[in-house]
2 protein chains.
Amino acid sequence: MPQRGRPRGFDADEALERAVEVFWRQGYEGASVSDLTEAMGINKPSLYAAFGGKEELFRKAVARYAEKDMGYARDAFAQPTAYEVVATLLRENVVAVTRTDRPAGCLSIQGGTSCSTENAPIAGFLASSRLGGEVALADRLARAVAEGDLPAQADPVALARFVMIVTEGQAVHAAAGVSREDLRQAAEIALAGFAAASGARPPERATDPA
Amino acid sequence: MPQRGRPRGFDADEALERAVEVFWRQGYEGASVSDLTEAMGINKPSLYAAFGGKEELFRKAVARYAEKDMGYARDAFAQPTAYEVVATLLRENVVAVTRTDRPAGCLSIQGGTSCSTENAPIAGFLASSRLGGEVALADRLARAVAEGDLPAQADPVALARFVMIVTEGQAVHAAAGVSREDLRQAAEIALAGFAAASGARPPERATDPA
DNA sequence: TCGGATACGTACCGCTCGGTACAGAATTCG
DNA sequence: CGAATTCTGTACCGAGCGGTACGTATCCGA
């Protein structure tokens, strides 16, 4: 169906991108509609017409965030071994939460770990989307057990939970201004813990060449 | 100096306690003054007279929280070995963030990892108070190195950072509704990582008696 | 060229926000 | 008793909130 009526005077994708950053920096409740429209370069009625309102805009922002800023998770899950999956996840998460061209931390946490009672659904939405990632990781680790990549006694659910806890803590830390290099050290300690607890073997000599 | 004028009609300590819970559950920005006064059982002018305003009340609430709900940290630091310090910290943190008589999670994170620009000082205040705990732990681990309890090549700052990252992640997870038992598993994995990375030796047979 | 459709911009809606003025109630001191 | 002092409750302040009505501008198809 071809276009009818006056064409939109802004790039909706780019506007959404700006909205992501505002929500990321200020949280759902801390980001006012005026903050958003100003950053997006549009007026309130345009926001409403194009995105449906503040809450819908937020959900679309989170979806975009998951696709663009957490895309490394897809690459991580595609790694051949459980060790490499987790190593990629932890290391790339450090990079993601400390990008200089992005707000520090993670939208999924900064967005709102707690909210006023009327906005409680927002916190719940974010929490369940994070737990969704955890389930995906647990599935990937269960596959590793099935394939013999991890020992049979390894607990995929518990291991996935540990890894996600570390990534969340890294995000909180990054939001507080901790540097990428400092977070990298922590990621390596966590990786060692994962290896010790799971029985995963690191690749022979791949990760840190001389 | 004896009392003069009409006596206060409420217990300021108990009122502060209620304020802690409201801020904890709803965050700084999500907790309105009306929410607070309702939970505290007082009127707005009383809140203002007794606590100075919303922001001052929040800072007092955080101070009270640190003293009461994070008291386990003092006990942890008093443990004789680095391993036991970290083990106590991780395990007691799991208990603290999953108390049924308290909101889930941790006020220091729920309070606000990100805020509107005008309330940005609040997020900064919370972040720096968390990092204060990390410095204290690093000092304690440095002492362990000096005492020969940890090997000389152990990095107290990096290890402390790792431990704090895990506690923060546990708090985020707990706020999402993850159970105490599930978090305990993750704490043990983290503890194993700490031991592996630091060279700390667990006590011979103290932790899990048959 | 004109009608239908869509987007834009201004100006506004009711509501809640954090904070306070002020009058009345309760207490101690003289 | 009365005066001084402190707390309580109501009623209110200006400002900003999320959301919208409405007139105008800009496009397409006929």
Side-chain angles (χ1 to χ4, degrees), chain A residues 1-16 18-19 22-23 25-61 111-112 114-123 125, chain B residues 1-16 18-19 22-23 25-61 111-112 114-123 125:
Chain A
M1 187 185 285
Q3 172 180 316
R4 285 254 292 211
R6 179 175 176 174
R8 182 174 281 156
F10 63 95
D11 181 333
D13 238 48
E14 194 169 329
L16 182 56
R18 307 293 173 85
V22 174
F23 281 128
R25 247 187 287 269
Q26 307 187 12
Y28 178 76
E29 296 196 308
S32 74
V33 174
S34 302
D35 292 335
L36 290 162
T37 54
E38 191 178 344
M40 298 164 85
I42 64 178
N43 303 98
K44 280 197 273 188
S46 296
L47 187 156
Y48 219 80
F51 301 102
K54 189 185 177 184
E55 179 163 350
E56 284 96 325
L57 174 61
F58 181 71
R59 298 184 122 93
K60 284 167 182 156
S114 58
C115 283
S116 68
T117 48
E118 63 167 326
N119 289 326
I122 293 288
F125 163 65
Chain B
M1 189 186 284
Q3 174 178 316
R4 286 254 292 215
R6 179 174 175 174
R8 184 174 280 156
F10 62 96
D11 182 332
D13 237 50
E14 194 169 329
L16 183 55
R18 306 292 172 86
V22 174
F23 280 129
R25 247 187 288 270
Q26 307 188 13
Y28 178 76
E29 297 195 309
S32 73
V33 174
S34 302
D35 292 335
L36 290 163
T37 54
E38 192 177 344
M40 297 164 85
I42 64 179
N43 302 97
K44 281 197 272 186
S46 297
L47 187 156
Y48 219 81
F51 300 102
K54 188 185 178 185
E55 179 164 349
E56 284 95 324
L57 174 61
F58 181 71
R59 298 185 122 94
K60 283 167 182 156
S114 58
C115 284
S116 68
T117 49
E118 62 166 327
N119 289 326
I122 293 290
F125 162 66

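Proteins get letters first, then strands, A, B, ... in listed order; numbering begins at 1 in each.
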In whole angstrom, give the distance that lies between atom [atom1] of [X] and atom [atom2] of [N].
{"X": "R8(A)", "N": "dA5(C)", "atom1": "CZ", "atom2": "C1'", "value": "14 Å"}
{"X": "D11(A)", "N": "dC8(C)", "atom1": "CG", "atom2": "C1'", "value": "17 Å"}
{"X": "I42(A)", "N": "dT10(C)", "atom1": "CD1", "atom2": "P", "value": "14 Å"}
{"X": "R4(A)", "N": "dC28(D)", "atom1": "CZ", "atom2": "C1'", "value": "7 Å"}
{"X": "M40(B)", "N": "dG9(D)", "atom1": "CE", "atom2": "P", "value": "14 Å"}

Review point. Of E56(A) and A49(B), whose closest DNA chain D nucleotide lies nearer the 5' terminus?
Key: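 Checking each residue's closest nucleotide, the 5'-ward one belongs to A49(B).
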
Proximity to the side chain of [X] - top-ranked nucleotide from [options]:
{"X": "Y48(B)", "options": "dG18(D), dT20(C), dT20(D)", "answer": "dT20(C)"}
{"X": "P7(B)", "options": "dT20(D), dT27(C), dC17(D)", "answer": "dT27(C)"}
{"X": "R6(B)", "options": "dT10(D), dG24(C), dA4(D)", "answer": "dG24(C)"}
{"X": "K44(B)", "options": "dT5(D), dG19(C), dC17(D)", "answer": "dG19(C)"}
{"X": "P45(B)", "options": "dT20(C), dC7(D), dG18(D)", "answer": "dT20(C)"}

Review point. Heavy atoms under 4.0 Å, any strand shown: does A12(A) hit a base, just sugar-phosphate, or nothing?
Key: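 Nothing, no heavy atom under 4.0 Å.
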
Would you indicate, yes or no, if [N] has its OP1 or OP2 atom less than 4.0 angstrom from a side-chain nitrogen or oxygen of [X]?
{"X": "N43(B)", "N": "dG9(D)", "value": "yes"}
{"X": "S46(A)", "N": "dC8(C)", "value": "yes"}
{"X": "S34(A)", "N": "dC17(D)", "value": "yes"}

Between [X] (side chain) and [Y] (backbone), is there a donor-acceptor pair under 3.5 Å?
{"X": "K54(A)", "Y": "A31(A)", "result": "yes"}
{"X": "K60(A)", "Y": "L16(A)", "result": "no"}
{"X": "N119(A)", "Y": "I122(A)", "result": "no"}

Review point. Going by the angle between their ring planes, with limits at 30° and 60°, are F125(B) and F58(B) parallel, tilted or perpendicular?
Key: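 The arrangement is perpendicular - the two ring planes meet at more than 60°.
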
Exercise for review: Assess whether atom CD of E56(A) is packed by more than 12 heavy atoms of other residues, nucleotides or ligands within 6.0 Å.
Suggested key: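 It does: E56(A) CD has more than 12 such atoms within range.
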
Check your understanding: Would you say the side chain of K54(A) and the base of dG18(D) hold a donor-acceptor pair, judged only by whether the two atoms sit under 3.5 Å apart?
Key ->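 When only heavy-atom distances are counted, K54(A) does not reach the base of dG18(D) through any donor-acceptor pair under 3.5 Å.
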
